[in-house]
Amino acid sequence: MRRAYLTVVVAVALLALFSLLAMSPSAPPPSSVTTPVPTSAATGQTRPPAQTAACSGSVTGYVAPTLVRVVKDAAREAGLSVEGIQSVGSVEGLRRIQQGSVPDVYASVDIELAADVKGARQIYSLGRFKLALACARPIASVGDLREAKTALADPNKAPIGYRELAVVYMLKRSGVADLTARYEALGIRFADTAGGFNVTVPTVLASTADTKVVPNLDVSWSMFETGQVDCVFAHLPFILGKDMELKPVGASAELWEVYVGNYSRGQFYVYVFKPPYDFFQDPPLAIYANFVDPSGKVVKAVRVGHFEAFVASFTARGDCVVEALKKMDLAKYGFFK
Amino acid sequence: MTDAVKAVAASTAALLALLLLALPLVFLSAPPPGFVESFLFTAAASAAAAGGSLLPGLAVAMAARRGGAWGALGMVLYVPALVPPTSVGVLLLAAFSTPRLLCGDCPLSQFVSAWVVNQPLGVLLAMWVMALPVAYSIYDGALREERAEAFFRSLGFSGLRLLVLTAMSLREATLSAALFAWLRGFGELGVLLVFANYPYAASIYIYNAWLIYGVGPAIGASLAVVAAALAVGYAARRWLSR
């Protein structure tokens, strides 16, 4: 009996030691990393192309929902199988990497997160993209959204969420339409500042009958597809990533260009915003999203900038994906340099 | 109990405690605000869901024992356990979207939008769906060893009274089913993320803590939920089995 307990204790101690070593923050990612590239200004950095021999087998990836299609296409182009590519929110993917679960490739729609990616072999900008609004039925003006049910990707977790809030207040400031009431009903507050405005977002957001707060763009789209909501804000590449062809319809309006596409419920309408509401460039105002916990303490503050996606590679296999991306025509996915 | 059994039991418990409790303490920091609210809400919603799953779980277990088509009923109750919880969330979302597709903005779809999706009733429903396989499987196991149903039938009981009496006679199984179904509510994330992510249940609270505040607060939140749920569950079990 004593021997059995002793065996158990030794086994547990060895396991503890092994786990501690594996969990050590200084442990390198499980890859053939050579010299880590600093990432603070790393966009567009390149290294010599990965060896062709590395471009086989299955690639693992934490890829933002918007980028799944383009990254999978690149992986296939590189000769890799794509079963290991997961659709994971940008922040969630980053959190996993920070905890030591490092994939071959990480792709995010939020260029601000590039500075937090440590140990990448290379970081490559896919380019900029535009904000769009998808609606099940045509709308004559953005003011029609007052009557629509919408889904809001939680700004605490999804960068598109706070950009939706920013565009809503920009529309109000420019006198186009005032949609702020539906967001204020969620507990969100808007306040003008000297150079722009602040959006204050509670870390706990309750849904209302008109606005469903959801964790990310994938769930937001599910709400739209199933008819729970009439309209959703989405990245243009996200919509294109659903394997849908968008055809222009009607005349271009001052605020947006209108397209029509098809999905499981039939036709739907896509309104691609024009500057400055598209976030293709940095907005002309200083816009800050301040996230406050229930005690009122600011947990995080974000300067709302333009939309730009990037891909980070952590292994030779990840390099294969990045090298393939560099050769692809990314414009057809909605990305522009 | 043999030495081998003791060794396996001790090593299993030690391994889990090490991986899920001891080693993560290295990163521990205080849980973010909102723990009490999310815990109390989860405890209440999960208790209601667990309570509501007992008699249906028992009824299906009793019916399934007849075999044939009735046996297939049991398989239906396993559906929430067979597919990933996220899929259950998508399935529920699709199911509750049909009124809107069929009758537009009619009163039924307005009710679903205002009271079910991302609402407390939705959380309760999601937890109930996920509690059913737990209750069913425990009763299914218990009924194999017991003659309670036959005994109460021989006394002339039927219908709801038969169910209640059988549940009460299967005291240990009922307590286990209630406790495990209740604890299941704390661990459920996938269904809630898609179908009912507000009010924040404990799982959503931990997930948010991880995304918004980082690893330390998420571990603090997880361990706080574990400690509180186990303490309440243990106390309830002791009290109920007196």
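Worth saying up front: this structure is predicted, and the values here are computed from it rather than measured. Throughout, a chain's letter reflects where its sequence line sits, starting with A, and its residues are numbered from 1.
In this model, no donor atom of one side chain and acceptor atom of the other lie less than 3.5 Å apart for A/Glu92 and A/Tyr62. Judged by distance alone, the side chains of A/Ser108 and A/Asp110 never bring a donor and an acceptor atom under 3.5 Å apart. A donor-acceptor contact closer than 3.5 angstrom is absent between the side chains of B/Glu188 and B/Ser203. Residues A/Arg182 and A/Thr208 bring no donor and acceptor atom of their side chains to less than 3.5 Å of each other. At a cut-off of 3.5 Å, with distance as the only test, a side-chain donor of A/Gln86 or A/Arg96 sits close to an acceptor on the other residue.
Heavy atoms of B/Asn197 lying under 4.5 Å from chain A belong exclusively to its side chain. Of the atoms belonging to A/Asp154, it is side-chain heavy atoms, and not backbone ones, that fall under 4.5 Å from chain B. Interface remark: B/Glu37 contributes no atoms to any contact with chain A (heavy atom separation under 4.5 Å). At a 4.5 Å heavy-atom cutoff, the contact between A/Val91 and chain B is made by backbone and side-chain atoms alike. Residue contact with chain B, scored on non-hydrogen atoms closer than 4.5 Å, involves the side chain of A/Val219 exclusively. Contacts of B/Tyr205 with chain A are absent, with no heavy-atom separation under 4.5 Å from either backbone or side chain. Proximity to chain B (any heavy atom under 4.5 Å) is shown, for A/Lys212, by both the backbone and the side chain.
Proximity of A/Cys231 to A/Leu145: side-chain heavy atoms (C-beta onward) are separated by under 4.5 Å at one or more points. Under the 4.5 Å side-chain criterion, counting only non-hydrogen atoms from C-beta, A/Ile188 is in contact with A/Leu152. Between A/Val304 and A/Arg163 there is a side-chain heavy-atom pair separated by less than 4.5 Å.
In terms of non-hydrogen atom pairs under 4.5 Å with chain B, the most contact-rich of A/Lys149, A/Lys297, A/Gln98 is A/Lys149. For the set B/Ala218, B/Pro32, B/Pro33, B/Ala114, the entry with the most heavy-atom pairs within less than 4.5 Å of chain A is B/Pro33. Ranked by heavy-atom pairs shorter than 4.5 Å toward chain B, the options A/Asp230, A/Asp210, A/Asp218 are led by A/Asp230. If you tally non-hydrogen atom pairs under 4.5 Å between each of A/Val214, A/Thr203, A/Asn156 and chain B, the highest count goes to A/Thr203. Chain A forms more heavy-atom pairs under 4.5 Å with one residue of B/Thr86, B/Leu93, B/Val194 than with any other, namely B/Leu93.
Identified by a heavy-atom distance below 4.5 Å to chain A, contributing residues of residues 126-137 of chain B are lacking entirely.
A/Leu165 pairs with exactly one of A/Val201, A/Leu179, A/Thr200 by the side chain to side chain contact (heavy atoms under 4.5 Å, CB included) rule, that one being A/Val201. Partner B/Ile206 forms a side chain to side chain contact (heavy atoms under 4.5 Å, CB included) with one of B/Leu189, B/Leu223, B/Val225 and no other, that one being B/Val225.
Between A/Phe268 and A/Phe224, the ring-plane angle classifies as perpendicular under the 30° and 60° cut-offs.
Using a distance-only test at 3.5 Å, with no hydrogens or angles considered, no donor-acceptor pair links the side chain of A/Thr211 to the main chain of A/Ser207.
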